[in-house]
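Only one structure is covered here, and it is reproduced in the block below.
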Amino acid sequence: MKEIGVAIVGGGPAGLQAAITLANKGIKPFLFEEHSTIGEPIQCGEGLSINAFKDFNLPKGEKSFSVKELDTCHLIFPENKTILGDIQASMIRRDKFDQYLSKKATDLGAEIFTATKVTDIQRKTNGVVIKTKGESNSEYFAKLLILAEGPNARLAQTLNFQAPSPMIKAFEYKMKGEWSDKLEFHFDAKKFPFGYCWVFPREGETNVGIVTTAKDRKLRLDKFLKNRGIIGSILKKVGGQIPMNGPVKKLSHNRILLAGDTAGMVNPIFYGGIRIAMTSGQIAGDTVTEILKMETNQASFNLKIYEEKLRQFKFMKKINLQCHRFFYSRSNKFLTKLGEVFDNSHINRIEGGEILRTLGKILLRPSMMSNPIGLYRLYKGFLIARDWGF
Ligand SMILES: Cc1cc2nc3c(=O)[nH]c(=O)nc-3n(C[C@H](O)[C@H](O)[C@H](O)COP(=O)(O)OP(=O)(O)OC[C@H]3O[C@@H](n4cnc5c(N)ncnc54)[C@H](O)[C@@H]3O)c2cc1C
């Protein structure tokens, strides 16, 4: 059995950023990814907040993965009431983005095994035994493990971690032609329950998708395309599932840290998770580095600092889930009123007298005021989603 210091399962943004962080600090991580090519198959709308570029020192406009930058989004409610928002995002090539992170990690000294599935993990007194199948068919002994296996969390469950649940499913077409000049989010409680349809323009293409708890997603997306007047040919179909209920309770235990979707760390308003996954991977990498420096021969490591560090981030706050529950259980009547109040206004630019006028508009719609705590949660949750939504 080969002894390795730190193992990482999963070559998505969480695992790769953990590998970069560790390798950057002189610790050689061993990362296992079941697919033969990092970043494939793509399961993503490919929208990434500009904040991620700042957080992780990513080169803006990097040709290999940056497609287009956008600075406006439209939140579109029933009856076409539209709220405008300043939201800086980059449309990326998600496969190339993950490959960029992978190259950065290997350049820094990380060892990445592709086409290598981790089939079993057993806890031992001083670490974990990892069995792999595929290109690297072997057994490894690691002192610490970062589990970033994505939303299925199969291995995490065998290790008695709670699975992120419930899941919401997303389905997307990559369409020929640019069908918008901004990010569009279409909300409708009846047509897209618990979710929305998106239109994300790229160079000569548009990603159009749906995320919803409704089972007939494809049918609903097809109807949306028709109503929105998008008629280009479909270049590709993409689908996958996303944790919808926020972070799981236990994020680490006895030499194992969960990161990214495995820990349910996805924004429950827009269901984006790339930046959050990378942040949790980075914090996991930092924590492991600190622990390895502090306590060399202990049987059990104190991983509480991982949770303490993560809890400082707004994406971990309960208000996100409270906002999700309030917003996604509203009727179209409420959504239309919300759209009316802010119709055609720039939500990030409301200040001075405009605040009073907006409050006045809400007061003129007394049914909106029946749950003031809910309204507060809506406001706070969307404020966080602007930063951490994707
Ligand atoms: C259709 C769709 C659209 C989305 N659009 C956006 C968006 O536009 N913006 C955004 O921010 N987020 C988006 N998300 C969410 C985002 O993709 C995820 O939050 C993000 O990928 C999470 O990263 P991760 O590293 O935690 O997991 P993943 O990216 O899922 O990576 C996990 C990796 O682990 C590997 N793996 C799993 N099990 C094993 C094993 N046993 N052995 C070895 N390897 C294993 C998998 O192959 C995978 O590569 C979208 C999700 C879906 C499904």
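Computed from a predicted model, the values in this text were never measured in an experiment.
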Tell me whether the count of non-hydrogen atoms from other residues, nucleotides or ligands lying under 6.0 Å of CD1 in Ile355 goes above 12.
yes
_For Arg255, is there any backbone N or O sitting under 3.5 Å from a side-chain donor or acceptor partner on Arg123?_
no
Quiz item: So Tyr196 and Phe270, would you call those rings parallel, tilted or perpendicular, with 30° and 60° as cut-offs?
Solution: perpendicular
So CD of Gln17 and CG of Leu22: to nearest 0.5 Å the spacing works out to 10.0 Å
Could you tell me whether Tyr140 and Phe32 have their ring centroids closer than 6.0 angstrom?
yes
Over 60° means perpendicular and under 30° means parallel, so classify the ring planes of Phe187 and Phe382, tilted if in between. perpendicular
| task | Name the orientation class of the two ring planes belonging to Phe390 and Phe185 (parallel below 30°, tilted from 30 to 60°, perpendicular beyond 60°). | result | tilted
So does His35 get a backbone contact from the side chain of Glu33, meaning a donor-acceptor N/O pair under 3.5 Å?
yes
dist Gln88:CD -> Leu48:CG (nearest 0.5 Å) comes out at 12.0 Å
* When you measure from the side chain of His74 to the backbone N and O of Glu184, does any donor-acceptor pair fall under 3.5 Å? -> no
query: Hey, is Arg386 close enough to Asp86 for a salt bridge, meaning N to O under 4.0 Å?
result: no
*Ion pair Asp387/Lys314, N-O distance below 4.0 Å*: no
Could you check whether Lys143 pairs with Glu3 (Lys NZ or Arg NE/NH1/NH2 to Asp/Glu carboxylate O, under 4.0 Å)?
no
Of all heavy-atom pairs linking Asp181 and Leu70, the shortest is O-CD2, 3.5 Å
Note to self: Quiz question: by atom type and distance under 3.5 Å, do the side chains of Asn152 and Gln157 form a donor-acceptor pair?
What the structure shows: no
**Asked** If you measure from the Lys or Arg side-chain nitrogens to the Asp or Glu carboxylate oxygens, is any gap between Glu307 and Arg311 under 4.0 Å?
**Response** yes
In this structure, CE of Met265 is separated from CD1 of Ile276 (nearest 0.5 Å) by 9.0 Å
query = Between the side chain of Glu172 and the main-chain N/O of Gly209, is any donor-acceptor distance below 3.5 Å?
reply = no
ask   = Can Lys133 and Glu34 be counted as an ion pair, charged N to O under 4.0 angstrom?
value = no
Working for side chain to side chain donor-acceptor pair (under 3.5 Å), residues Ser367 and Lys337: CA-CA 9 Å; Ser367 63; Lys337 286 192 172 135; 3.0 Å; yes
**Prompt:** Under 6.0 Å from the CD1 atom of Ile231, do we count more than 12 heavy atoms belonging to anything else shown?
**Reply:** no
Quick one about Lys174 and Asn207 (side-chain donor to acceptor, distance below 3.5 Å, no hydrogens or angles considered), yes or no?
yes
CD1 (Ile362) and CG (Leu338) are apart, to the nearest 0.5 Å, by 8.0 Å
Q.
What I want to check is whether the side chains of Thr132 and Lys117 have a donor and an acceptor closer together than 3.5 Å.
A. no
**Message:** Would you call the rings of Phe53 and Phe65 parallel, tilted or perpendicular, taking 30° and 60° as the class edges?
**Reply:** tilted
Requested in this report: Take atom NZ of Lys309 as the centre, draw a 6.0 Å sphere, and report whether it contains more than 12 heavy atoms from other residues, nucleotides or ligands.
Outcome: yes
Between Pro13 and Met278, the two heavy atoms sitting closest are CB-CG, 3.6 Å
Heavy atoms of Lys68 and Pro201 approach each other most closely as CD-O, 3.7 Å
Practice problem: Kindly confirm or rule out a cation-pi arrangement of Lys2 over Phe141, judged by NZ or CZ under 6.0 Å from the six-membered ring centre and within 45° of its axis? | Solution: no
Here the pair of heavy atoms bringing Met175 nearest to Ile230 is CE-CG2, 4.0 Å
- Query: Is the backbone of Val9 close enough, under 3.5 Å, to the side chain of Glu149 for a donor and an acceptor to pair up by distance?
  - Reply: no
task: Check the angle between the aromatic planes of Tyr379 and Tyr376 and answer parallel, tilted or perpendicular using the 30° and 60° thresholds.
output: tilted
Under 3.5 Å side-chain donor-acceptor pair for Tyr173 and Asp222: yes
- prompt: With distance as the sole test, does Gln99 use its side chain to make a donor-acceptor pair with the main-chain N or O of Ile38 at under 3.5 Å?
  reply: yes
Is a donor on one side and an acceptor on the other found under 3.5 Å between the side chain of Thr119 and the backbone of Lys131? yes
Closest heavy-atom pair, Leu310 versus Met316, reported as atoms and distance to 0.1 Å, is O-CG, 3.1 Å
Note to self: Given the ring of Tyr328, does Arg330 sit roughly above its face, with NZ or CZ under 6.0 Å from the centre of the six-membered ring and within 45° of the axis?
What the structure shows: no
Do side-chain atoms of Asn320 reach the backbone of Lys317 as a donor and acceptor pair under 3.5 angstrom? yes
inquiry  = Is it true that, when you exclude Lys96 itself, more than 12 heavy atoms of the residues, nucleotides or ligands shown sit nearer than 6.0 Å to its NZ?
reply    = no
- Task: Please check if atom NZ in Lys250 has more than 12 non-hydrogen atoms from other residues, nucleotides or ligands closer than 6.0 Å.
- Result: yes
Closest non-hydrogen contact found for Cys44 with Ile274 is SG-CD1, 3.7 Å
Test: Arg228 cationic atom under 6.0 Å from Trp179 six-membered ring centre, within 45° of axis: no
* Asked: Okay, side chain of Arg220, backbone of Ala214: is any donor-acceptor separation there less than 3.5 Å?
  -> no
task: Examine distances only and state if a side-chain atom of Asn371 and a backbone atom of Gly374 form a donor-acceptor pair shorter than 3.5 Å.
output: yes
